[in-house]
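A quick write-up on the structure given underneath.
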Amino acid sequence: MNYELQKDNLAERLLELAAKCGAEAAEVYQARSQSQPVFFEANRLKQLESAQTEGTALRLWRDGRPGLAVAYGSVAPEALVGSALALSELNEPEPIELGSHSQTIYPNVGQPIAVEHLIDWGKEAIAQIRDAFPEVMVSAEWDCEMETTRLVNSLGLDCHYTDTTLSCYLSAEWVRGDDFLSVSDGQTQRDRLQPEEVVRQILQRLAWAKANVAPSTGRIPVLFTSKAADMLWGTVQAALNGKRVSEKASPWAERLGQSVMAKALTIYQDPEAGPFSCPFDDEGTPTQHRVFVQNGVLQNFYCDRATGRQLGTATTGNGFRPGLGSYPTPGLFNLLIEPGTKSLSDLINLLDDGLIVDQMLGGGGSISGDFSINIDLGYRVKNGRAIGRVKDTMVAGNIYSALKQLVALGSDADWNGSCYTPSLILEGLSVTGRG
């Protein structure tokens, strides 16, 4: 599929036409995706779909003024160039931020899976959950998605790659009178999924939720499962963003080389790790292995070309587009938290009286670190054992302060979106709830 983007010569035609119209520099970003989602509802196969999308973004500079235009599906080159030139007239001149003279063919990653295989996985997973909890209604989505990205510019840059990922999402709904419980989990991998692991986690949560119990309140230790811990790292990602640093909005802007969290925590990105590996960013810069926090000490921020220039450093290969019609901005392709040595059971055993947070309602903390969340799915722990589900419970505190009060770090790291995180226990948070 990646070669199709080269064969159609659309990128080359757009660059040539832009140059003829007076643009001193231009780039073309092309993205194509094809997916085959399989949907289950109320324990049964509901529908199969096949979706394909294609988008082209042209960014150019004429008289130093940038213009960005986007087209989806078939593209009329003259119209796209005309739109970009017209928009450039509305913008102030700015430095041209482009990579140059690199033509790289990256190997395809991931293998597609037949729809029939996705259906079999879905049926098997639902049967296993229903065998243990016959009264539960299960919905699911299984997908195989192939994405191709190509970036070409007038300075000789041409790079592209194709990425195939498999994903599944299961949701088990349990209605007990006027009590409604929803437990969900998912997985994203390459080449092969492990549906039995998703099923195991859902069955464990359902077993913990057989009884409803009153929460313990006050400042008690809180165990965030690997699924829930992503809320914490969203704030950390914002603090590490070079743009926030340049704006002095990050509380870590002046903290390089200083301790910002517990010594047990090391945080990094890895271009070759997991289903969210990525060979180059949306500016054509090769991505890097980069450690952001080493044993609690802040080491680096991440930047795109423009932010790196503002900070007096080079780009870190982290210039990504939030959407096809957006300019590159600092972003992460993956974030990994180095796991500890204790299993989830070991972490629970450490709690005499505490709370497990597994699913939350609403967003996480802001760049300030302050947060207050409603628990969608949580469990009371007493004497090292989960004794039941808690309802109408909130957790509040400051993420930066809590990460300095790490009690223990789990060995059960898993991908939650593009964040690879283990479970962890934090102190310094306030729990409130109704009995």
Side-chain angles (χ1 to χ4, degrees), residues 33-53 110-147 163-212 225-228 230-231 275-276 357-363 373-379 389-391 414-419:
S33 68
Q34 182 175 348
S35 63
Q36 296 177 299
V38 175
F39 297 93
F40 291 82
E41 189 173 288
N43 306 325
R44 299 178 182 275
L45 177 64
K46 181 183 180 183
Q47 68 186 61
L48 310 177
E49 291 184 4
S50 180
Q52 185 166 343
T53 61
Q111 295 293 327
I113 293 293
V115 170
E116 293 76 13
H117 204 156
L118 298 176
I119 293 173
D120 289 342
W121 273 339
K123 289 180 177 179
E124 180 182 351
I126 291 173
Q128 290 177 7
I129 295 173
R130 295 269 293 165
D131 284 346
F133 292 88
E135 62 273 46
V136 165
M137 301 292 283
V138 183
S139 299
E141 179 180 350
W142 303 75
D143 197 6
C144 174
E145 183 173 22
M146 181 183 298
E147 297 179 298
D163 179 8
T164 301
T165 55
L166 307 175
S167 62
C168 69
Y169 173 82
L170 283 87
S171 176
E173 297 181 350
W174 191 2
V175 180
R176 302 173 290 189
D178 60 356
D179 182 28
F180 176 79
L181 171 67
S182 178
V183 179
S184 60
D185 212 331
Q187 191 178 91
T188 301
Q189 297 289 347
R190 292 210 178 97
D191 303 324
R192 178 174 175 78
L193 292 171
Q194 296 177 303
E196 65 280 358
E197 180 59 24
V198 180
V199 169
R200 184 191 67 78
Q201 294 190 33
I202 288 180
L203 291 178
Q204 176 66 85
R205 272 62 175 176
L206 289 171
W208 285 342
K210 285 182 177 180
N212 291 334
T225 66
S226 59
K227 183 169 60 173
D230 182 53
M231 183 275 294
F276 298 94
V357 177
D358 193 53
Q359 294 173 193
M360 295 164 289
L361 295 173
I373 56 169
N374 289 297
I375 297 176
D376 181 40
L377 186 59
Y379 306 94
R389 175 195 178 200
V390 299
K391 300 176 65 176
D414 199 2
W415 289 100
N416 187 3
S418 58
C419 183

Report the distance from atom CD of Q359 to atom CD1 of I375, rounding to the nearest 0.5 Å. 11.5 Å

From CA spacing to verdict: side-chain contact (heavy atoms from CB on, under 4.5 Å), L170, W142: CA-CA 9 Å; L170 283 87; W142 303 75; 3.7 Å; yes

What's the spacing between E173 CD and E135 CD if we round to 0.5 Å? 13.5 Å

Closest non-hydrogen atom pair between L193 and L166, with its separation: CD2-O, 3.5 Å

Would you confirm whether N43, through its side chain, and M137, through its main-chain N or O, come within 3.5 Å as a donor-acceptor pair? no

Write down the atom of R389, the atom of Y379, and the distance for their closest heavy-atom approach. CA-CD2, 3.9 Å

Measure the spacing between CZ of R190 and OG1 of T164 and express it to the nearest 0.5 Å. 8.5 Å

Separation between CE of M360 and NZ of K227, rounded to the nearest 0.5 Å: 9.5 Å

Rounded to the nearest 0.5 Å, the CG atom of L48 sits from the CD atom of E116 at a distance of 9.0 Å

What closest approach, in Å, do A228 and V357 show between heavy atoms, and which atom pair accounts for it? CB-O, 3.3 Å

Side-chain donor-acceptor contact under 3.5 Å, S171 with S139: no

Can you list, pair by pair, the side-chain donor-acceptor contacts under 3.5 Å of residues 121-128, counting residues two or more places apart and other chains?
| unit_1 | atom_1 | unit_2 | atom_2 | d |
| --- | --- | --- | --- | --- |
| E124 | OE2 | Q128 | NE2 | 3.3 |

Pairing donors with acceptors under 3.5 angstrom, does anything connect the side chains of Q189 and Q187? no

Within 6.0 Å of CZ in R176, more than 12 heavy atoms from elsewhere: yes

Is there a side-chain contact (heavy atoms from CB on, under 4.5 Å) between D179 and K391 once you walk through the steps? CA-CA 10 Å; D179 182 28; K391 300 176 65 176; 2.9 Å; yes

Identify the two heavy atoms, one from G417 and one from F276, that lie closest to each other, and give their separation to 0.1 Å. O-CE1, 2.7 Å

Which atom names give the shortest non-hydrogen contact between Q36 and L118, and what distance separates them? O-CD1, 3.7 Å

Start with the C-alpha distance between L181 and L377, add both sets of side-chain angles, then the distance that settles side-chain contact (heavy atoms from CB on, under 4.5 Å), and finish with yes or no. CA-CA 8 Å; L181 171 67; L377 186 59; 3.5 Å; yes

For the atom pair CG (D358) and OG1 (T225), what is the distance rounded to the nearest 0.5 Å? 4.0 Å

Closest contact, heavy atoms only, S418 versus W415: O-CZ3, 3.4 Å

